[in-house]
Amino acid sequence: MLISLAEIKQISWNGIWKQNSSLVQILGMCPLLAVTTTLMNGVMLSLATLLVMALSNFFVACLRNFIPYEIRIPVFILIAAALVTVVDLGMNAYMHDMYNILGIFIPLIITNCLVLARIEAFAAKNSPLASALDGAMMGVGMVWTLGLLGGLRELIGSGTFLGGIDLVVPGLSPIHLLPEDYPGFLVAILPPGAFIGLGCLVAWKNWIEARAAERENRRPAEPVMAGGCH
Amino acid sequence: MIAAKEPTAPGMAARTAAILFLFVVAFTAALAIVYVATKPGIDAAAAEEKMRAINEVLPKDLYDNDLLADTLKIPATPELGLDDESTIYRARLGGEPSALVLETVAPDGYAGKIRMLVAVRANGELAGVRVTQHKETPGLGDYIEPKKDKNKERPWITQFNGLSLDKVPASGWKVKKDGGRFDFVAGATVTPRAMVKAVHKTLQYAVANRDRLFATK
Amino acid sequence: MLQLFKFKGGVKPATNKTQSVTLPIAVAPLPSRLAVPLHQSIGGTPRPIVQPGDKVLKGQKIGEADGWISSAVHAPTSGTVIEVGLYPAAHPSGLTAPSVVIEPDGEDRWIERQPVDYKSLEPETVRELLREAGVVGLGGAVFPSHAKTQASKSVPMEELVINGAECEPYITCDDLLMRERAEEVVRGAGIFRDLLKPKRVLIGIEDNKPEAITAMTAAVKALGSEFAEFQVVPVPTRYPAGGAKQLIRVLTGKEVPSSKRSTDMGVQCFNVATAYTAWRAVAHGEPVISRLVTLTGNVGEPRNWEVLIGTPMGELLHIAGPKADTDGIIMGGPMMGFLVPDPKAPVVKATNCLIAHSPALFPPKPPEMPCIRCGSCAQACPHELQPFEMYWFSRAKNFGKTQEYALFDCIECGCCAFVCPSRIPLVQYFRFAKSEIWSREREKKAADSAKSRFEFKQLREERDKAEKAEKLAKAAAAQAAKAAAAAAGAANAPAEAVTVPADDAEAAKKAAIAAALERARAQRAQAEPRNTEQLTPEQQAQIDEIEARRAQAGATAAVEPPETGKNS
Amino acid sequence: MMLAALAVMALGAVILGAALGYASIKFKVEGDPLVEKIESLLPQTQCGQCGYPGCRPYAEAISKGEAEINLCPPGGAEGVRKLADLLGREAKPLEAEEKPKQVAVIDENTCIGCTLCIQACPVDAIVGAAKQLHTVVGPLCTGCELCLPPCPVECIAMATIPETVDNWKWKYPVVEVRKAA
Amino acid sequence: MDFSTSPYLLKEASVQRVMLKVLTALLPGITAYVWFFGPAVLVQIGLATATALAAEAVMLKVRGKPVTMFLADLSAVVTAWLIALTFPPIVPWWLTVAGTLFAIVIAKQLYGGLGQNPFNPAMIAFAVSIVSFPALMSQWPGAGGDFAAQLQVIFGLAPRVDGLTSATPLDALKTALKLGGEHANVAGVLADGTVYGLVAGRGWEWVSLGYLLGGLWLVQQRVITWHIPTAFLAAIAAIAGALWLWQPAAFASPLFHLLAGGAMLGAFFIATDPVTAATTPRGKLIFAAGAGLLTYLIRVFGGYPDGVAFAVLLMNICVPLIDMYTQPPVFGMRGK
Amino acid sequence: MSHYLFILIGAVLVNNVVLVRILGLCPFMGVSKKLETAYGMGAATTFVLTLGTGASWIIDRYLLVPFDLVYLRIIAFIVTIAAFVQLTEMVIQKTSPVLHQTLGIYLPLITTNCAVLGVPLLALGAKYDFVESLLFGAGSSIGFSLALILFAGIRERIEGADVPTYFKGTAIALVTGGLMSLAFMGFAGLDKY
Ligand SMILES: Cc1cc2nc3c(=O)[nH]c(=O)nc-3n(C[C@H](O)[C@H](O)[C@H](O)COP(=O)(O)O)c2cc1C
Ligand SMILES: Cc1cc2nc3c(=O)[nH]c(=O)nc-3n(C[C@H](O)[C@H](O)[C@H](O)COP(=O)(O)O)c2cc1C
Ligand SMILES: Cc1cc2nc3c(=O)[nH]c(=O)nc-3n(C[C@H](O)[C@H](O)[C@H](O)COP(=O)(O)O)c2cc1C
Ligand SMILES: Cc1cc2nc3c(=O)[nH]c(=O)nc-3n(C[C@H](O)[C@H](O)[C@H](O)CO)c2cc1C
Ligand code: SF4
Ligand code: SF4
Ligand code: SF4
Ligand code: SF4
Ligand code: FES
């Protein structure tokens, strides 16, 4: 039942970078684009999603043997929806302001394709612990991408950084990184900015991977392919 | 997981129904428990949210009653731009009526309705105005929100504080550009015009109906 | 007069025709060597009927037409066959093609020519005669002409169009032909008329060739009432007015869609030179062994020559005196021709013009810019296509889409590339896309056949297995019976009984051995008919050929010829 | 209230569950049209280089999601791209190196007529009988190389298909923007 | 020698020549613009052109393309001029620069540069800017402004004062009608000749006529075809005319709408961008009629002072489908 | 009456689910590579979303609100929609193979389309009555299909464009989505006159 270190490493790497939901799988796009008007929004929603994913993966992996094939989708959804409702209720009670900002996107965690995708692709086939880890790591992947995108959009769009942090940690206040009279490039925090920003992030990842691959290639370049002029 | 024998359709139906039933019952029960557990928290948060909004327009020293308990439901009121029923909070100080907190809507904002909360003292002065919901253009018409207003010392919306129908004649309830007394930001006069008009109407309504509104049933 | 119609698109490049019309047609000198490609027309490749060392006479058939859509080829002069093999082809690829190479003996001795009175012959015989004489379309498409002389069964022939438009710049061979040999052209058209029986015959000539128009009009008039339905029609000069579909449109108003043959719309089109060769073939018994070729471009003396098929282009161009900076030969016109990669390539029936290429005359193409979708190309396209869309998808190698935009309606006339402000070699993109699609179709066909053959093999193997199992069972049963019989016999012959115990294991073993033997036999039996069951005629031919070769090499005597159903 | 919740949801669950279970049996479908589509994109070389015994099994494996789409060398990068298009997956580089198309040629002087190659050839492209010379029918050979290993005298070689005027292809225009400037 | 293929003859034509003609055709309009509104627009044209060329050069370099060849095609200059002509001439310099950068880098070069962008780059610049800075993008100088003061505003040396700016006639009319409620009357509003000139705004009508002149020359030069301008203007005239006949008090006349705002510029120079417009004859008509209609709807009922940019962009979205479904029949297939 | 029209215009254009509200992006990005599939997905979503919005309204009005079970909205809606989708799929698959060819493969994907849950929730938030909810659902899904199909058209075209290497594929598609969304901002204000 326990998982090996190598497995942990692989699952984590997949979730955080290699199979990153936002940049590679292009799943869970709606929250990714809709709530990343600030860094805090992005991070908070991803944390909520992380929680749901880890738990739903765990439960599904535990229960998978009792779920008949025909109704597996409804049951998976049921499990996830119940967890989402719990998160929804919890945030409503204890983080009301954030709840108001994230609004409809908390219930929509359930239709976040990523949640079901991970259940189907991973939890339905793996052990509970590994599944929970997978969910969590996919969530971590989401946290940093949403945080990054949110941060960038916030910075370009309104010139602040960590806006809305007072809603999560009372007493802290946002930082103004850019001069006070920065005009604020509004498109950045509007939907077009979300799309274009993510487009640039994806391109950025492509670039990093291409560079990594190039470095990889350069090392064992000499012997094997000597004859191949193709 | 999969039955060894080819199941019949009704048999299958019964089986899946039963299993789904079990799952649903289990999860609904769990949810109900969570709901019951979080309900007080949610209610408290909602109340706190309301109070925070009210406190922005209504100085704390104006009331000592539980505002959320002392309310009046009014039906849709065109004077306030409301096409739905709404709640009026009644502030009392030592049992005496001290102020009304009304919800009002300026229907002709640049990008649609501007919802606000207006507090009117018993003496007909405005205690405060806050915008609760609007769709004005960010960076242009949104200076009606103190948080977005570039003028941090004296946000645009605080101009209303202390004004009354007596102090400002009807012709003064306009933006300066139209000959009134209210400031505006160049290039975005639609929004303040709508706001001023709505606040003026609200004030008139509150003053006219003062006694009726304060009356405890 | 006749009401003319317009076709959309088209362009007006500088015609550059005057240079080569000042001198009359001359006969080109006999070259040192003639290489006659076998495949000079659309359709089947003619089979060579001569071997190295054979002596041939001028006009002697050297290649037998292969199938109905095919046309014979002939020796252009008398001499010796020195090679039957691969020789550089008049083809943009620069590859080689099967050819008959003849060393002229200088005597230029004709075979016995047999003029016929075609009017007394059956139309079928006339068509056969044209095929045997190697008459193919000299307008460029080299489609066997006899195949075009059959009217559609359901649609009556209305018009026969004789194409004297010659719309491409530089080329003047048809012009000169009409000026000098108008009567024979008209008589040749008469043959087509008699085969197709149209209501009228329209000879379309671009109005920049007044001399040709005059000569043809005079010829028609001179020939009298028999040619009463002939009419010479000047058509506006605009490239590609000579394209068959465009000329038909201009003269008759009919638009022949790509899905139809022109005969289905009651019209057929022949080039003037084709008509001329048809007349020579019928009335003089001369097969197609020469043609008029315009030598022009960067040369000292542009002129039209009567050239033997097979003359190497480089050698031919020499008589026109190419200037020093000549760096290539364009076969055909500048709009549709191609640069000949190897000057050894011979003149073929499709060679109407050779242009000496020089950088001054045809400046190197400016760099290709991206398409700005300006639509000029679409406006210029005579087939009303959307070249920029076809280009966009050809470039992206999205060939399915190119076909949606009717890639195969493109006649490669080059109008689009001519007008493109971005100087995109559009036509080359289209050629590229077309040949990719063809190659894919070939591959697809091969894959389908491979699949069905694979499935057939699997089926057969399965069947074999089943049969084997059955045989095995039978053999075992037989073995058991034998064993029982033996046991029974043991009573009679006790001495043997020791070696044949009625033991099951032993029986099974024997059965297995028997089965193995049986299997080997069956396999042997199968080895022959095995995969030679469903051969197409070509495969059969190939196999036959292999067998023949093998027999020749004396490798195996007395091979059973594979037994196959010679279907088809 | 909690009971109400349970009742409402349970009612829904029973109805939906029953409907789904019923439908899953009643509306069961057989066959998978996807396999056909995938198979039509495979080159039908039947060489097994993909690790499956022939193109169809590979197609089945792809449709089940068990196999990557980049395992078929004869299909080439082009084939991978088509599969990716069909399945909406990302095109990946081909696992193995792409080779030009080839055909097998039997050296007739060495062949001993053992028929082993005939048995190996998946598409019956080799003709001949026992103890006879064998030969490859060029147009039928898919170049799968399966006949090479069984030959005891190693008389089979692969030859690239020569370019002729008939199979020659126009090249992609070379007047590239980059070069020109 | 190169074994390039036929045709070996090419017509004298180049992208550069096409773009040069477009630039030339803009001159009458620009002249009128300078005449009425002062040379501030020339400053913006300069700024935009420099930015566009620099951005294009950098992007081409990064992408490994021949820089001079592509800069010489002048398409970036056309984009730059159109940006400058659609922006208010007194926007701060950084907005012109940012808008142009966005147009060239994101709307054009990310798609592979010339000829491959699905959206009109200049209009992308406009849309991005007006969405981000609605205030700056809807303040225009009145006719006969003070050039020195305008320069100072452009370069941020002086604050923008109310007197320097006003809404465009189109915007002003819309605001007036919106605020006036039931009492508003178009005729009454337009009577103020200092703002509205003869028909469509003092100065603006002449600038529009300048564009019309240049545009007609482009048609005559066969750089553009008649389809797009005609359908674009006809669509505006049709819907404006219908509403005007129905309620003359609430809706301005078609003539006003044809000469106000960016209608003429849009009809001849923007909607006609060959790269981003539909290409088939029928497609062009649909494309331009749609753009005209949307222009009217947005400028009259929508949230922005003029609708040309958004209308053109919205129709750009539809172009692939329009082109696909309006393929003209090929030769021989007419009427089948 | 005109108020219905404005709901429809608002849902289709002004507040387009995908481009303005940013819902349903995964299918928007995922099945827009080919026009053909975009049509299929659009049709399937329109069908499910319209009916789903209506069904959700009924469940909410007659089950959840009377019993004070509003907190079960999420779970009730999504399970209903999921089951509905699955049933539809199975029925279509059996009864109309043609329809299944066109819609079938998209149906299972719909459950994880945010819009399917988002639109009913938004309809409830806007306090629409039943007819309005249906209109809103239909409008939203038409808006979704419209955006998807137009996007697919553009994507097919930029397939052939010389896009910089790192932007090939998803990245440029996202940028395109952004520019489309920018263009759609031009509709702002058209739903309230
Ligand atoms: C995109 C855009 C958004 C606008 N948003 C607002 C707004 O939110 N509030 C407002 O009062 N004016 C807004 N305006 C400006 C109005 O259209 C109008 O021009 C202005 O209110 C007139 O004011 P003025 O009299 O100060 O010039 C906006 C303009 C544009 C182009
Ligand atoms: C397989 C095949 C069969 C054809 N059969 C005929 C025919 O029976 N009659 C005919 O007039 N043309 C026939 N054609 C010729 C074409 O329709 C066309 O007229 C010919 O290629 C001339 O082309 P051109 O206009 O480019 O010279 C045939 C073409 C092909 C490829
Ligand atoms: C673009 C183009 C231009 C052509 N120009 C001529 C021409 O000027 N004269 C001509 O006889 N054939 C020309 N042809 C060939 C004709 O289409 C057609 O093949 C020929 O007239 C049929 O006659 P034939 O079979 O006797 O060659 C041209 C073809 C094309 C595609
Ligand atoms: C008639 C014509 C109109 C043009 N209009 C525009 C335009 O509106 N916006 C623009 O950015 N470029 C325009 N261009 C320039 C160029 O086509 C455009 O930048 C391309 O979109 C770049 O790929 C135009 C060019 C021509 C020939
Ligand atoms: S003429 Fe050239 S640039 Fe113009 S549309 Fe055609 S291919 Fe494109
Ligand atoms: S080459 Fe083809 S596409 Fe170009 S003009 Fe000629 S027919 Fe049209
Ligand atoms: S590798 Fe390709 S060709 Fe070979 S068997 Fe597999 S699928 Fe068929
Ligand atoms: S002959 Fe050899 S290479 Fe050719 S298909 Fe048969 S087994 Fe494959
Ligand atoms: S997250 Fe919204 S559709 Fe996937």
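The sequence lines fix the lettering, A, B, ..., with proteins before strands; numbering per chain opens at 1.
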Practice task
Counting only heavy atoms closer than 4.5 Å, note whether Asn92(A) contacts chain F via side chain, backbone, both or neither.
Solution key: neither
Practice task
Side chain from CB out, backbone as N, CA, C, O: work out which of these in Arg21(F) comes under 4.5 Å of a heavy atom of chain A, or both, or neither.
Solution key: backbone
Problem - Under 4.5 Å from any heavy atom of chain A - which part of Ile81(F) - result: neither
Practice task
Using non-hydrogen atoms and a 4.5 Å limit, figure out which bit of Met185(F) sits close to chain A: side chain, backbone, both or neither.
Solution key: side chain
Exercise for the section: Could you tell me whether Glu159(F) and Arg155(F) make a salt bridge, using a distance below 4.0 angstrom between a side-chain N and a carboxylate O? Expected result: no
Completion exercise
Taken to the nearest 0.5 Å, the spacing of Leu32(A) CG from Phe195(A) CZ works out to 10.0 Å
Exercise for the section: Could you tell me whether a side-chain N or O of Lys34(F) sits under 3.5 Å from a main-chain N or O of Glu156(F), the two making a donor and an acceptor? Expected result: no
Practice task
Please lay out, stage by stage, how Ser145(F) and Thr46(F) fare under the test side-chain hydrogen bond (donor to acceptor under 3.5 Å, both in side chains).
Solution key: CA-CA 7 Å; Ser145(F) 312; Thr46(F) 306; 2.9 Å; yes
Handout entry: chain F interface, residue from Gly193(A), Pro192(A), Ala81(A) that has the most non-hydrogen pairs under 4.5 Å
Key = Pro192(A)
Practice task
State, to 0.1 Å, how close Met41(F) and Pro27(F) come at their nearest heavy-atom pair, and which atoms those are.
Solution key: CE-CB, 3.7 Å
Exercise for the section: Check whether Leu201(A) gets within reach of chain F through its side chain, its backbone, both or neither, counting any heavy atom under 4.5 Å. Expected result: neither
Handout entry: From Leu121(F) atom CG to Ile74(F) atom CD1, the distance as rounded to the nearest 0.5 Å
Key = 7.0 Å
Exercise for the section: Answer with side chain, backbone, both or neither: which region of Leu198(A) has an atom nearer than 4.5 Å to a non-hydrogen atom of chain F? Expected result: both
Problem - Non-hydrogen atoms of Pro191(A) and Ile22(F) that approach each other most closely - result: CB-CD1, 3.7 Å
Handout entry: Working for side-chain hydrogen bond (donor to acceptor under 3.5 Å, both in side chains), residues Trp57(F) and Glu132(F)
Key = CA-CA 10 Å; Trp57(F) 189 89; Glu132(F) 288 169 336; over 6 Å; no
Fill in the blank from the handout: With chain A, the option among Gly169(F), Gly24(F), Ala171(F) that has the most non-hydrogen atom pairs under 4.5 Å is Ala171(F)
Exercise for the section: Select one option (side chain, backbone, both, neither) describing which atoms of Phe28(F) are under 4.5 Å from chain A's heavy atoms. Expected result: side chain
Fill in the blank from the handout: Separation between CZ (Phe144(F)) and OG1 (Thr45(F)), nearest 0.5 Å, reads 4.5 Å
Exercise for the section: Below 4.5 Å from any heavy atom of chain F, which atoms of Val75(A) appear? Answer side chain, backbone, both or neither. Expected result: neither
Exercise for the section: Name, in order of residue number, those residues of residues 33-40 of chain A that have a heavy atom at a distance of less than 4.5 Å from a heavy atom in chain F; otherwise write 'none'. Expected result: Leu33(A), Ala34(A)
Handout entry: Steps toward side-chain contact (heavy atoms from CB on, under 4.5 Å) verdict (Leu148(F), Val18(F))
Key = CA-CA 8 Å; Leu148(F) 182 68; Val18(F) 190; over 6 Å; no
Practice task
Go through the side-chain N and O atoms of Glu209(A) and Trp17(A) and say whether any donor and acceptor fall under 3.5 Å apart.
Solution key: yes
Completion exercise
Turns out that what part of Leu89(A) lies under 4.5 Å from chain F's heavy atoms comes down to side chain
